[in-house]
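Below is one structure, written out as structure tokens; the observations come after it.
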Amino acid sequence: MTIRLRLALLCALFTVPSAAHAQAALRLEGTCEKLVVDGRDLTATCSTVLVNAVSRNRTSFDFSAADGQTLSFSGNGAQQEATEETDPLQPINLVMVGKDGAPTLAIGACRFSTPEPGRTAITCEASTADGHAYAGTFVTAAKPAEKAAPGAPAR
């Protein structure tokens, strides 16, 4: 599978129409470069796993820390913006702290870069009306396409 095809499949997860009521989750392994929860820097304890989930028309990016703290950025997947000139942008209108935390209205976005050899970044930032700041940056490896053996069917 080529890197462009993998990105296309990843982007397709973000744009699932609400009528389909589909649910999907993608678990990414890599390096958390930044985690800020309500203005507190938790980068040092950030997990090496990021979960991207799609449920009905909502897309979320879920960060976690070693102490169990979680931060979810959520937006309407149908509002995702993507052009050939820019990285895809997912508008965010909710953040949720903790597994049982109540969703909080926020304004922000998550950007995910076009895969480069060895690096793809997902960067989320949002803030609430009362000034609470939330941010996360996660980098995962972009793997090159597997080469098929001579005479084997392409995947």
Side-chain angles (χ1 to χ4, degrees), residues 3-4 6-143:
I3 292 174
R4 286 187 182 252
R6 287 182 186 185
L7 178 62
L9 291 173
L10 180 67
C11 290
L13 286 175
F14 303 136
T15 57
V16 174
S18 61
H21 300 293
Q23 293 185 355
L26 184 62
R27 183 180 186 269
L28 302 171
E29 294 183 11
T31 304
C32 181
E33 294 186 348
K34 181 178 186 179
L35 181 61
V36 177
V37 178
D38 195 11
R40 293 174 297 148
D41 188 349
L42 301 177
T43 304
T45 64
C46 191
S47 172
T48 59
V49 174
L50 173 79
V51 176
N52 170 232
V54 176
S55 179
R56 297 182 185 233
N57 67 337
R58 302 291 302 176
T59 295
S60 68
F61 296 90
D62 305 328
F63 292 79
S64 60
D67 66 357
Q69 181 79 267
T70 60
L71 172 61
S72 180
F73 294 89
S74 179
N76 183 333
Q79 295 175 342
Q80 183 186 102
E81 301 168 17
T83 68
E84 291 182 19
E85 294 84 29
T86 63
D87 292 336
L89 175 85
Q90 172 62 58
I92 298 299
N93 58 8
L94 294 174
V95 293
M96 188 168 31
V97 177
K99 294 182 186 207
D100 298 323
T104 302
L105 292 176
I107 296 175
C110 289
R111 287 179 170 75
F112 24 102
S113 67
T114 303
E116 300 172 12
R119 179 180 166 90
T120 300
I122 297 139
T123 302
C124 298
E125 293 182 339
S127 59
T128 62
D130 55 359
H132 296 266
Y134 302 89
T137 300
F138 191 85
V139 176
T140 187
K143 297 178 182 174

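All heavy atoms count here, side chains included; hydrogens, waters and symmetry mates do not.
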Quiz prompt | Minimum-distance pair of heavy atoms, taken over all atoms of Val95 and Phe73 | solution = CG1-CD2, 4.0 Å

Quiz prompt | Atom pair CG/OG1 of Leu26 and Thr59 - distance to nearest 0.5 Å | solution = 11.5 Å

Quiz prompt | Spatial distance of atom CG (Leu105) from atom CG (Asn93) [nearest 0.5 Å] | solution = 7.0 Å

Quiz prompt | Minimum heavy-atom distance Ala65-Leu35, with the two atoms named | solution = CB-CD2, 4.1 Å

Practice problem: Would you list the pairs meeting side-chain hydrogen bond (donor to acceptor under 3.5 Å, both in side chains) in which at least one residue belongs to residues 32-42, sequence neighbours left out? | Solution: Asp38-His132, Asp41-Thr43

Exercise. Report, as yes or no, whether the 6.0 Å neighbourhood of atom CG on Asp100 holds more than 12 heavy atoms from other residues, nucleotides or ligands.
Key: no

Quiz item: Rounded to the nearest 0.5 Å, how far apart are CD of Glu29 and CG of Leu50?
Solution: 11.0 Å

Exercise. Write down the atom of Ile92, the atom of Gly75, and the distance for their closest heavy-atom approach.
Key: CD1-N, 4.0 Å

Quiz prompt | Asn76 CG to Arg58 CZ distance, which is reported to the nearest 0.5 Å | solution = 6.0 Å

Quiz item: Can any side-chain N or O of Ser60 pair as donor or acceptor with the backbone N or O of Asp62 at less than 3.5 Å?
Solution: no

Quiz prompt | Sub-4.5 Å side-chain heavy-atom contact between Arg111 and Leu89 | solution = yes

Quiz item: What are the two closest heavy atoms between Cys110 and Phe61, and how far apart are they?
Solution: SG-CD1, 3.5 Å

Practice problem: Test Thr48 against Thr31 for side-chain contact (heavy atoms from CB on, under 4.5 Å), laying out the working first. | Solution: CA-CA 5 Å; Thr48 59; Thr31 304; over 6 Å; no

Quiz item: From Phe112 CZ over to Asn52 CG, what is the distance, rounded to the nearest 0.5 angstrom?
Solution: 7.5 Å

Quiz item: Can you find a pair of side-chain heavy atoms, one from Leu28 and one from Ile122, that are under 4.5 Å apart?
Solution: yes

Self-check item: Nearest non-hydrogen partners of Val97 and Tyr134, listed with the distance
Solution: CG2-CE2, 3.7 Å

Quiz item: What is the distance from atom CG of Leu71 to atom CG of Leu42, rounded to the nearest 0.5 Å?
Solution: 9.0 Å

Quiz prompt | Distance-minimising heavy-atom pair for Ala135 and Glu125 | solution = CB-CG, 4.1 Å

